[in-house]
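Only heavy atoms go into these numbers, but all of them, side chains included; no hydrogens, no water, no symmetry mates. For clarity, every value in this text was computed on a predicted model and none was experimentally measured. Chain letters run A, B, ... following the sequence lines, proteins first and then strands; every chain starts at 1.
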2 protein chains.
Amino acid sequence: MKISTKGRYGLRAMIDLAAYGAAGNPVFLSDIAKRQGVSEKYLEHIFGTLNKAGLVKALRGRKGGYLLQKQPDEISLKEIIAALEGPCSLVDCVSDVKACQKVETCITRDVWKILGKKIEEFLNGYTLSTLVRMQGEKARQDTIMYHI
Amino acid sequence: MKISTKGRYGLRAMIDLAAYGAAGNPVFLSDIAKRQGVSEKYLEHIFGTLNKAGLVKALRGRKGGYLLQKQPDEISLKEIIAALEGPCSLVDCVSDVKACQKVETCITRDVWKILGKKIEEFLNGYTLSTLVRMQGEKARQDTIMYHI
DNA sequence: ACTAATCCTATTATTTTTATAGGAAATAGT
DNA sequence: ACTATTTCCTATAAAAATAATAGGATTAGT
């Protein structure tokens, strides 16, 4: 039960994009990759997925780059993770009843289903703007700590 | 973010063991495997893990089989899943700070940490006896439905 | 001794993850 | 038109994790 690099890198990249693209100007993937310490080539794939999911908008050519498709407070963590990691169904039989014969009687399916819902609700509680704000507060906290 | 077959089969097997071994008599792995529709050879591995984790007790030889190491209401889902799937840390840096350089400043780590805790708490809320009871209720419900 | 159960180690096939590589397509500036 | 710089698309591949299978060793009741 781990988040893959796609989800981890992708989320960090989206926060980066929300922070650095706030003014409405497109952000180069190369810059995000550099700041986040991730291979640009790998990030391309991730942004391809995010693009198809309608979460980012790309401008090609020189002076191109990426923009958020919606406002940071309208993009929930759930959407991002769902796009990159697939739906939060912890077992296949929750989203696809044909995945198991015992669907009707199996109690564990119910438990996994509830937990999946809980995870979704949790992720729905955070938007990109939430995270950007938290990130800012954390950085400031660190600075204060450093000066003491 | 999926539960692997080890976790899925293992949990179902533990519920099975709790239900059929309630009287204190050991249960054959072959019987559990048959009831759960899982390869006996594969279940052996899973029970090896559960054994080392101190969740089940094995009796070898003829008339052998498996017993729960503790009472069904003392075994939480969290213990079972932790034994079979590893700790509920969704990213490595939560349990191992050396896994990433950005640990101090990264806000996503905090989010994953909180979510991991939530999942743990959820799983801690269910014990084997809870699930056996729920299973029983569900079966009864189905029977009633069937008779209508 | 025989039988039936768990235990242990090795092997293997498949799938998923984690990338890398190379070029195509688009666009801004010259 | 040309060039530089960006995203886009497809293919490939190495590594790791998953999902088993196989064969025999060990244990214990009859």
* **Nearest-angstrom distance from the residue atom OH of A:Tyr9 to P of C:dT17** => 14 Å

* Asked: Does any N or O donor sit under 3.5 Å from an N or O acceptor when you compare the side chain of B:His45 with the base of D:dT18?
  -> no

* Picking from B:Leu68, B:Leu55, B:Leu17, what satisfies side chain to side chain contact (heavy atoms under 4.5 Å, CB included) with B:Leu128? -> B:Leu68

* To do: Look at A:Glu121 together with A:Lys117 and state whether they make a salt bridge at an N to O cut-off of under 4.0 Å.
  => no

* Asked: Quick one: is B:Asn51 getting a side-chain N or O under 4.0 Å of the C:dC7 phosphate, OP1 or OP2?
  -> yes

* Kindly check if the number of other-residue, nucleotide or ligand heavy atoms within 6.0 Å of CD (A:Glu104) is above 12? => no

* Structure fact -> On DNA chain D, more 5' by nearest nucleotide between A:Glu44 and B:Glu44 is A:Glu44

* At under 4.0 Å between heavy atoms, what does B:Tyr66 touch on the DNA or RNA strands: base, sugar-phosphate, or nothing? -> sugar-phosphate

* Asked: B:Lys57 or A:Lys6: which one's nearest nucleotide on DNA chain C is closer to the 5' end?
  -> B:Lys57

* Asked: Mind checking whether B:Tyr42 and B:Tyr9 have parallel, tilted or perpendicular rings, split at 30° and 60°?
  -> perpendicular

* Mind listing the residues from residues 22-42 of chain A sitting with a heavy atom below 4.0 Å of DNA chain C? Number order is fine. => A:Ser39, A:Lys41, A:Tyr42

* Over 12 foreign heavy atoms within 6.0 Å of NZ, A:Lys118 -> no

* Asked: Any side-chain N or O of B:Ser4 under 4.0 Å from OP1/OP2 of D:dA17?
  -> no

* Structure fact -> Of A:Leu50, A:Val132, A:Leu77, the one forming a side chain to side chain contact (heavy atoms under 4.5 Å, CB included) with A:Met14 is A:Leu50

* To do: Would you give the length of the straight line joining atom SG of B:Cys106 to atom CD of B:Gln101, rounded to the nearest 0.5 angstrom?
  => 12.0 Å

Write out a two-atom table: protein N or O, nucleotide N or O from nucleotides 26-30 of chain C, distance below 3.5 Å.
residue, atom, partner, partner atom, Å
C:dT27, O2, A:Arg62, N, 3.2

* Asked: Is the backbone N or O of A:Glu79 less than 3.5 Å from a side-chain atom of A:Ser76, with the two atoms forming a donor-acceptor pair by type?
  -> yes

* OP1 or OP2 of C:dT18 sitting under 4.0 Å from any side-chain N/O of A:Thr5? -> yes

